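Presented below is the structure to which this report refers.
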Amino acid sequence: MIAEEIVHVNGVPKKLVVLLHGYQDTAEYIDRKTAQLQEIENIAIHIPQSPFVNEIDNTQRQWFSIHQFDPEDKRRTTTSWEEVVELYNRMTVGLVEANHYILQYVDGLLSEYGLGYNDLFLCGFSQGAMCALYSGLMCPHKIAGIVSFSGILAAKGYLEKHGRSKPDCLITHGKTDDKIKFEALNFTKKNLLDLGCKVSVFEIEDAGHYISTRAVKEAYNFIKRKIK
């Protein structure tokens, strides 16, 4: 159960933004980096802290284990993109488990605010972006949108068979990312399009594996357009 969160409310909430932190990370990081989103009128922003302690650093959190599926971190070092995709596909079990907690949390918030799935934006960084993409595609109804900061569409094969929704998506990625390869952007775009989603992309020339101010501005504009 998700019991810790950071919350920002601006006005009377007509839309809900849920921001998911990354692996070996905390809610505080994504909260600091995405402060511009708090300027959107009539919005509630919830940043849940995963209930799972990180397997490397017990002061940090994770949505699911990475080393269980890639103990040697080959996804970062291999020159074979096919091997990278296979490693992320192995993480399906972890995403299924994380999704159980995330959708339960989201359902509670929508009920609390009297909102529907079409009022929900799921956003995330790194592993949180993987979860946002997976959970958004597995929602029983189409949500307002997904924002992926430096993520990748994992569990592709499972989603092709079991995906339930086709939300609009924004994918942002730094070209010098050394944790989730930049090739993930075009891979994720292609497969989301194949699944029937509308996709916007934002490439950041000199950014690594972090949430840049330019990416947050693009997310701000994406959410504002969807609200209008």
Side-chain angles (χ1 to χ4, degrees), residues 1-22 25-51 61 63 98-99 101-151 165 167-174 197-202 204 207 210-228:
M1 179 179 177
I2 294 172
E4 301 173 75
E5 61 180 354
I6 297 171
V7 181
H8 303 282
V9 176
N10 186 0
V12 179
K14 297 179 181 177
K15 300 293 178 184
L16 170 66
V17 174
V18 173
L19 290 159
L20 304 175
H21 64 74
D25 196 3
T26 62
E28 285 78 9
Y29 171 78
I30 198 167
D31 180 43
R32 290 196 309 272
K33 292 293 186 177
T34 60
Q36 185 182 5
L37 301 183
Q38 299 167 30
E39 299 171 9
I40 300 172
E41 295 179 354
N42 298 321
I43 201 165
I45 298 174
H46 282 248
I47 310 172
Q49 183 99 298
S50 168
R61 300 298 177 94
W63 291 104
N99 182 57
Y101 291 89
I102 292 166
L103 285 191
Q104 185 180 60
Y105 173 76
V106 164
D107 284 343
L109 293 177
L110 292 176
S111 177
E112 177 184 338
Y113 288 110
L115 301 175
Y117 280 101
N118 61 324
D119 301 311
L120 169 67
F121 291 90
L122 276 177
C123 313
F125 167 65
S126 191
Q127 188 183 71
M130 287 188 259
C131 291
L133 287 163
Y134 181 89
S135 293
L137 289 161
M138 291 301 293
C139 276
H141 304 285
K142 184 177 179 179
I143 67 173
I146 298 173
V147 177
S148 167
F149 298 106
S150 303
S165 184
D168 297 349
C169 303
L170 169 66
I171 309 165
T172 77
H173 215 110
C197 302
K198 292 181 180 179
V199 184
S200 303
V201 300
F202 184 64
I204 311 166
Y210 57 86
I211 303 175
S212 74
T213 55
R214 286 168 290 175
V216 174
K217 183 177 181 180
E218 198 69 17
Y220 174 91
N221 292 335
F222 173 80
I223 293 171
K224 288 280 284 186
R225 286 196 302 271
K226 294 298 176 188
I227 290 174
K228 288 180 181 178

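All figures in this text were calculated on a predicted structure; none of them were measured in a lab.
Two rings, from F222 and F202, have their centers 6.0 Å or more apart.
Residues satisfying the salt bridge (Lys or Arg N to Asp or Glu O under 4.0 Å) test with K217, not counting sequence neighbours, are none. With sequence neighbours left out, the ring-ring contact (aromatic ring centres under 6.0 Å, His included) criterion links Y210 to no other residue. Partners of K15 under the side-chain hydrogen bond (donor to acceptor under 3.5 Å, both in side chains) rule, at least two apart in sequence or in another chain, are D119. Looking at residues two or more places apart in sequence or on another chain, you find a side chain to side chain contact (heavy atoms under 4.5 Å, CB included) between Y117 and D107, L110, L120, C139, P140, H141, I143. Taking the side chain to side chain contact (heavy atoms under 4.5 Å, CB included) definition, one finds that N10 meets it with I43, sequence neighbours left out. With sequence neighbours excluded, no residue satisfies side-chain hydrogen bond (donor to acceptor under 3.5 Å, both in side chains) with R225. Scored by the side-chain hydrogen bond (donor to acceptor under 3.5 Å, both in side chains) test, E112 finds no partners at all (sequence neighbours excluded). Under the side chain to side chain contact (heavy atoms under 4.5 Å, CB included) criterion, N99 pairs with L103, Y134, S135, M138, not counting sequence neighbours. Applying the side chain to side chain contact (heavy atoms under 4.5 Å, CB included) criterion to K224, with sequence neighbours excluded, gives I40, Y220. A search for side-chain hydrogen bond (donor to acceptor under 3.5 Å, both in side chains) contacts involving S50 returns nothing, not counting sequence neighbours.
Across every non-hydrogen atom of P48 and I2, the tightest pair is CB-CG2, 3.7 Å. Nearest approach of N42 to G11, heavy atoms of both residues: OD1-CA, 3.7 Å. The shortest non-hydrogen separation linking A215 to F149 is O-CE2, 3.6 Å. Taking every heavy atom of both residues into account, C169 and L133 meet most closely at SG-CD2, 4.5 Å. For the residue pair L115 and K14, the shortest heavy atom distance occurs at CD2-O, 3.5 Å. C123 and V17 make their closest contact through SG-CG1, 4.0 Å (heavy atoms, listed as atom of the first residue, atom of the second, distance).
Note that CG of L122 and SG of C131 are 10.0 Å apart. Values are rounded to the nearest 0.5 Å. Put simply, CD1 on I45 and CG on L19 are 6.5 Å apart, with the number rounded to the nearest 0.5 Å. Taking CD1 from I171 and SG from C197, the interatomic distance works out to 9.0 Å, rounded to the nearest 0.5 Å. The line from CD of E218 to OG1 of T172 is 8.5 Å long, rounded to the nearest 0.5 Å. Remark: S126 OG to I30 CD1 distance equals 10.0 Å, nearest 0.5 Å. Remark: I47 CD1 to L37 CG distance equals 8.5 Å, nearest 0.5 Å.
Checking side-chain atoms of Q49 against main-chain N and O of R61 turns up no donor-acceptor pair under 3.5 Å.
Taking 4.5 Å as the limit, some side-chain heavy atom of D168 sits within range of a side-chain heavy atom of K142. Looking at W63 and I102, their side chains come closer than 4.5 Å, going by heavy atoms from C-beta outward.
Taking the six-membered ring where the residue is Trp, Y105 and H46 present perpendicular rings, their angle passing 60° and hence far from 30°.
Residues in residues 121-132 take part in no salt bridge (charged side-chain N to carboxylate O under 4.0 Å, His left out) pair, two or more places apart or across chains. Applying the salt bridge (charged side-chain N to carboxylate O under 4.0 Å, His left out) rule to pairs touching residues 28-49 yields nothing, sequence neighbours excluded.
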